[in-house]
Amino acid sequence: MAKSAVVFVANGCEPVEVTAPVDVLRRGGVDVVLAAVSDDLTVRAAQAVTLQADAPLSTLDLTQFDIAIVPGDSVGVDNLGKSARVVAELTRRMEAGEYVAAICAGPMVLANAGLLTGRKAVCYPGCEEGWPAGVYQAGKDVFVDGNLITATGPGTALPFGIQILRTLEGDKVADEVASGMLLK
């Protein structure tokens, strides 16, 4: 059975942090659903990029996904953080030890919900202000702490996607996709 991922998307999200991991995951055989936090499937991302979501968040059974992914950009993160359903699902997953991935400012949604206490993570530089002591891992681009995968920003979106794929499908599939994308 194919692994599956849900990517939460909201107006203002960083398009590279959505499209790069989705591309990697789909190349690796993972079923990916872009879930719009509103009922409008047209998402006006940052940099005047329009994304088309696959389904409204309200229609999905989020427990059926192997991982939930949170893209960044401060406006998108603010909009994701206002979604009670996103926060509830991230809380459920973190408490259950299920996979969560967040990039750039995305880990702020987790931090604001109190989900990073006792964890280790990275984010876009400066977004870690106010995090509990010891959580931020300076100098790392992509960081894995058990069920939590985090990355620093748009420039790490492909390695972030590869790490998610590695977590879901193993080294062989991740290495094959990375090799085909000329990532070393």
Side-chain angles (χ1 to χ4, degrees), residues 1-113 115-116 121 123-124 127 142 147-151 153-154 156-158 160-169:
M1 182 177 209
K3 298 290 184 175
S4 61
V6 61
V7 180
F8 300 127
V9 291
N11 289 337
C13 66
E14 172 54 53
V16 170
E17 296 165 2
V18 173
T19 59
V22 167
D23 182 277
V24 167
L25 292 171
R26 286 183 175 161
R27 286 174 192 249
V30 176
D31 292 330
V32 182
V33 173
L34 273 67
V37 297
S38 74
D39 288 335
D40 185 354
L41 296 182
T42 301
V43 177
R44 288 162 294 290
Q47 285 60 258
V49 173
T50 300
L51 300 172
Q52 185 69 28
D54 299 308
L57 181 60
S58 61
T59 66
L60 298 173
D61 175 0
L62 298 175
T63 65
Q64 299 304 304
F65 294 96
D66 295 296
I67 192 166
I69 302 171
V70 181
D73 193 287
S74 60
V75 173
V77 165
D78 286 345
N79 288 329
L80 290 173
K82 291 175 185 172
S83 168
R85 183 114 194 266
V86 168
V87 173
E89 178 60 12
L90 294 174
T91 300
R92 185 195 70 75
R93 284 178 170 278
M94 292 295 286
E95 290 174 354
E98 295 178 16
Y99 290 120
V100 171
I103 186 170
C104 192
M108 290 175 59
V109 177
L110 299 167
N112 292 340
L115 301 174
L116 293 183
C123 62
Y124 191 80
C127 291
V142 178
N147 65 313
L148 178 62
I149 303 166
T150 54
T156 62
L158 283 173
F160 175 65
I162 294 293
Q163 181 57 60
I164 296 168
L165 184 60
R166 187 173 308 285
T167 298
L168 295 177
E169 294 290 355

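Position 1 is the first residue of the sequence, and the numbers go up from there.
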Thr59 versus Ala55, closest heavy-atom pair with distance: OG1-CB, 3.9 Å
Heavy-atom check, side chain of Leu51 versus side chain of Cys13, under 4.5 Å: yes
Within-4.5 Å side-chain heavy-atom neighbours: Arg92 and Thr63: yes
Gap between atom CG of Leu57 and atom CG of Leu34 - 0.5 Å precision: 12.0 Å
Atom of Asp54, atom of Val32 and distance for their closest heavy-atom approach: OD2-O, 3.7 Å
Euclidean distance, Tyr124 OH relative to Met108 CE, rounded to 0.5 Å: 12.5 Å
Result of checking Asp66, Val24, Ile67 against Ile164 for side chain to side chain contact (heavy atoms under 4.5 Å, CB included): Ile67
Sub-4.5 Å side-chain heavy-atom contact between Val37 and Leu80: yes
pair Leu90-Phe8: side-chain heavy atoms closer than 4.5 Å: yes
Electrostatic pair Asp23-Arg27, nearest N-O below 4.0 angstrom: yes
Nearest non-hydrogen partners of Gly97 and Asn147, listed with the distance: O-CB, 3.4 Å
Spatial distance of atom CD (Glu17) from atom CD1 (Ile103) [nearest 0.5 Å]: 4.5 Å
Ile69 side chain reached by Ile149 side chain, heavy atoms, under 4.5 Å: no
Closest non-hydrogen atom pair, Gln52 against Thr42: OE1-OG1, 3.5 Å
Flag if over 12 foreign heavy atoms under 6.0 Å of CZ, Phe65: yes
Spacing of CG belonging to Asp78 relative to CG belonging to Asn11, to within rounding of 0.5 Å: 12.5 Å
Whether Ser58 side chain and Asp39 backbone form a donor-acceptor pair below 3.5 Å: no
Basic-acidic side-chain contact under 4.0 Å: Glu89, Arg85: no
Close side-chain approach of Cys104 to Cys127, heavy-atom, < 4.5 Å: no
CZ-CG distance between Arg93 and Leu110, expressed to the nearest 0.5 angstrom: 12.0 Å
Euclidean distance, Thr50 OG1 relative to Arg44 CZ, rounded to 0.5 Å: 7.5 Å
Leu148 versus Ala121, closest heavy-atom pair with distance: CD2-CB, 4.3 Å
Heavy-atom side-chain contact between Thr19 and Val49 under 4.5 Å: no
Minimum heavy-atom distance Pro71-Val77, with the two atoms named: O-CG2, 3.8 Å
